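Written below as structure tokens is the structure these notes are about.
Given the structure is predicted, the values throughout are model-derived calculations rather than measurements.
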Amino acid sequence: MTSKNKLKYIFIVVVAVLAGIALADALGYFNEKPYTAVSHGSHSHYVPHDRNPEVTIDNFPMEEPGPGEKITPNGQIVPKEQ
């Protein structure tokens, strides 16, 4: 195998690894928070991972919950249970 072929295969492997990392990030694999910010026009709604699919995005809050709060599957910000 020539050095040109090795370089070509190394490039393909690097591109595949970077594409895999980008895909994992887009799917939220690296998101440690229990909610995701969903862009909705000029603002974002904060939606929990276990959201009720029958509730529209408009019903979720536009501000992040505080340190002692969480977002319910229906879109209310409530205190965390201790």
(message) I need the full list of side-chain hydrogen bond (donor to acceptor under 3.5 Å, both in side chains) pairs touching residues 6-23, with sequence neighbours left out, sorted by first then second residue.
(response) none
(request) Kindly give the cluster partners of I71, where membership spreads through any ILVMFWY side chain lying under 4.5 Å from a current member. (result) Y35, V38, Y46, V47, V55, I57, F60, I77
(request) Just jot down the side-chain hydrogen bond (donor to acceptor under 3.5 Å, both in side chains) partners of K33, sequence neighbours excluded, or say none. (result) E64
(message) Checking one residue: F11. Which other hydrophobic residues are in its cluster under the side-chain 4.5 Å linking rule?
(response) V15
(message) Which Ile, Leu, Val, Met, Phe, Trp or Tyr residues join V14 in one cluster when any pair of side-chain heavy atoms under 4.5 Å counts as a link?
(response) I10, L18
(message) Listing request: all salt bridge (charged side-chain N to carboxylate O under 4.0 Å, His left out) pairs with a residue in residues 52-63, at least two apart in sequence or in separate chains.
(response) none
(request) To the nearest 0.5 Å, tell me how far N31 CG sits from T36 OG1. (result) 4.5 Å
(request) Please write out which residues are connected to L27 in a hydrophobic cluster, directly or through intermediates, given that two of Ile, Leu, Val, Met, Phe, Trp, Tyr count as joined at side-chain heavy-atom separations below 4.5 angstrom. (result) L23
(message) Please list all pairs meeting salt bridge (charged side-chain N to carboxylate O under 4.0 Å, His left out) that have one or both residues in residues 34-49, counting only residues at least two apart or in different chains.
(response) none
(message) Under the rule for side-chain hydrogen bond (donor to acceptor under 3.5 Å, both in side chains), what residues qualify as partners of D25, not counting sequence neighbours?
(response) none
(message) To check you understand the geometry: which heavy-atom pair defines the closest contact between S44 and A37, and what is its length?
(response) CB-CB, 4.5 Å
(message) If the condition is salt bridge (Lys or Arg N to Asp or Glu O under 4.0 Å), which residues does K70 pass it with, not counting sequence neighbours?
(response) E81
(message) If the condition is side-chain contact (heavy atoms from CB on, under 4.5 Å), which residues does S42 pass it with, not counting sequence neighbours?
(response) none
(request) Could you tell me which non-hydrogen atom of P48 sits nearest to which non-hydrogen atom of P73, and how far apart they are? (result) CG-CA, 4.1 Å
(request) Please identify each residue that fulfils ring-ring contact (aromatic ring centres under 6.0 Å, His included) with H40, with sequence neighbours left out. (result) H43, H45
